[in-house]
Amino acid sequence: MSVHVAWALVVSLALAPGPEARLKAILDRLRGPSHEATYTIRVVRPNAERSYRLKVYTDGRRARLRVLEPVREAGQAFLSLEGELYLYDPRLGRTLRLPPTGRAERFLGSDLTYQDLMGRDLEEQFSVAEEREALVLVPKPGAPTPYGRVEVYLREELPERLLYYDQRGAAIREVRISGYTRHGAAVLPGRVEVRDLLRSGYRTVVEVSEVRVGPVPERCFNPLSLERGCP
C-alpha cells in the first residue's frame, strides 16, 4: 500500500460519521424535506379491517396530519411541534395538548402510537452502537421508553427494518419500510408496515401517495389553526 493510499484511508476513517450522527442522518432522510402527501392507513385485525385517509404536511421537524376519511373521523387534526403534540377534535371544537403520559396510546386505534408521530424518541432516548448488520439502540439511563433494545437494519443507508424488544429481550414489534421513491433530491418511503409480534394478525400499513416536495406555509404549524384546513 502506498503512503498516499494509506493516508487517504486514515483520513476517510477519521471523517466517517459516528453511530449517533449516522442514525440522525438516516432518520432525517426518512422524514424528508418540506413536503405534503396523502397517507392511507389500513388497520388490520384478525376479523376486521378499517382504513383512514390523511393529509400530511411536514418540514422534516414538524408535522401536521388531518383526517379526510372516513366521514365520522374527518376533521380530526394532529400537530407535532417542538416536543409537544396537539390534537383537534371537531366533536369538542377544541384543540388539546396531549400530556407525555398519553403518548404511548394508539393513534386512531392502529399499531402506531402518538410517540411515533413525534418521531424523535430514537435520537433522544437511546444510545447508538454499530454492529455487523445494524445500528443497535439501547435506552439511556432513566429514558421513559418501554423498549429495551431497538435494531435498525439498513440498505444503502436507508432504513429497511426496525425490530423492537421489550426490557426482557423479547421481540415485540417490527416495522418494515419499502417503496422508496426519489422526489427531486429527496428519497421518501412509499410503504410502512407495523406488526405487533405479540398478537397474531395485528398490523398497520401506511401507504404514501400524492407527494409534493416544496415549502409548507408556516401557518400549517400553528396550533391555533388546527381546526381549519391547511394551506
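We find that Glu84 and Arg62 are not joined by a salt bridge, their nearest charged nitrogen and carboxylate oxygen being 4.0 Å or further apart. Glu36 and Lys55 are joined by a salt bridge, as a carboxylate oxygen and a charged side-chain nitrogen come within less than 4.0 angstrom of each other. We find that Asp111 and Arg106 are joined by a salt bridge, their nearest charged nitrogen and carboxylate oxygen being less than 4.0 Å apart. Remark: Glu227 does not engage Arg94 in a salt bridge, criterion side-chain N to carboxylate O under 4.0 Å. With salt bridges taken as basic N to acidic carboxylate O contacts below 4.0 Å, none links Arg176 and Glu160. Ion pairing between a basic and an acidic side chain is recognised when a charged N comes within 4.0 Å of a carboxylate O; Glu193 and Arg191 show such pairing.
Across every non-hydrogen atom of Leu188 and Gly32, the tightest pair is CD2-CA, 3.5 Å. Taking all atoms of both residues into account, the shortest heavy-atom contact from Val216 to His35 is CG2-O, 3.8 Å. Across Asn222 and Leu224, no two heavy atoms sit closer than the pair OD1-N, 2.9 Å. Listed here is the closest heavy atom pair of Gly148 and Pro139: O-CD, 3.2 Å. The nearest pair of heavy atoms linking Leu79 to Pro223 is CD2-N, 3.7 Å. Closest of all the heavy-atom pairs between Gly109 and Val43 is O-CG1, 3.8 Å.
To the nearest 0.5 angstrom, Thr113 atom OG1 is 10.0 Å from Glu105 atom CD. How far CZ of Arg219 is from OG of Ser225: 8.5 Å, rounded to the nearest 0.5 Å. Going from atom CG of Leu197 over to atom CG of Asp166 covers 10.5 Å, rounded to the nearest 0.5 Å. To the nearest 0.5 Å, atoms CD (Gln76) and OH (Tyr52) are separated by 8.0 Å. Here the straight-line distance linking atom CG of Leu27 with atom CG of Leu122 works out to 6.0 Å at 0.5 Å rounding. Rounded to the nearest 0.5 Å, atoms CZ (Arg50) and CD1 (Ile41) are 10.5 Å apart.
Side-chain contact annotation: Asp59 with Ser34, donor-acceptor N/O pair under 3.5 Å absent. Between Tyr165 and Glu151, the side chains place a donor N or O and an acceptor N or O closer than 3.5 Å (distance only, hydrogens not considered). Counted by atom type alone, Arg149 and Tyr147 present zero donor-acceptor pairs between their side chains at under 3.5 Å.
Residue Arg66 qualifies as enclosed at atom CZ: its count of foreign heavy atoms under 6.0 Å is above 12. Within 6.0 Å of the CD atom in Glu156, the count of heavy atoms belonging to other residues, nucleotides or ligands does not exceed 12.
Tyr39 and Val187 fall within the same hydrophobic cluster, defined by Ile, Leu, Val, Met, Phe, Trp and Tyr side-chain heavy atoms under 4.5 Å apart, directly or through other members. Hydrophobic clustering, with ILVMFWY side chains joined whenever heavy atoms are under 4.5 angstrom apart, keeps Ile177 apart from Val136. One hydrophobic cluster, built from ILVMFWY side chains closer than 4.5 Å, holds both Val67 and Leu98. Neither Val205 nor Val194 shares a network with the other; the hydrophobic side chains, linked directly or stepwise wherever heavy atoms of I, L, V, M, F, W or Y lie under 4.5 Å apart, form separate groups for each.
In this structure, the side chains of Val44 and Tyr202 stay at 4.5 Å or more apart for every pair of heavy atoms. Residues Phe221 and Leu226 form no side-chain contact, since every pair of their non-hydrogen atoms from C-beta on lies 4.5 Å or further apart.
In this structure, Arg103 is not positioned above the aromatic face of Tyr114 in the sense of NZ or CZ being under 6.0 Å from the six-membered ring centre and within 45° of the axis.
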Query - Worked verdict on Arg22 versus Glu157 for salt bridge (Lys or Arg N to Asp or Glu O under 4.0 Å) - result: CA-CA 9 Å; Arg22 191 179 173 199; Glu157 289 302 287; 2.7 Å; yes

Requested in this report: Take Tyr88 and Phe78 through the ring-ring contact (aromatic ring centres under 6.0 Å, His included) test and state the conclusion after the steps.
Outcome: CA-CA 6 Å; Tyr88 172 72; Phe78 310 87; 9.8 Å; no

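When atom types are taken as modelled, the side chain of Arg64 and the backbone of Cys220 share a donor-acceptor pair closer than 3.5 angstrom. No donor-acceptor pair under 3.5 Å is formed between the side chain of Ser200 and the backbone N or O of Leu198.
Residue Val175 is tested with Leu162, Leu112, Asp116 for a side-chain contact (heavy atoms from CB on, under 4.5 Å); the sole match is Leu162.
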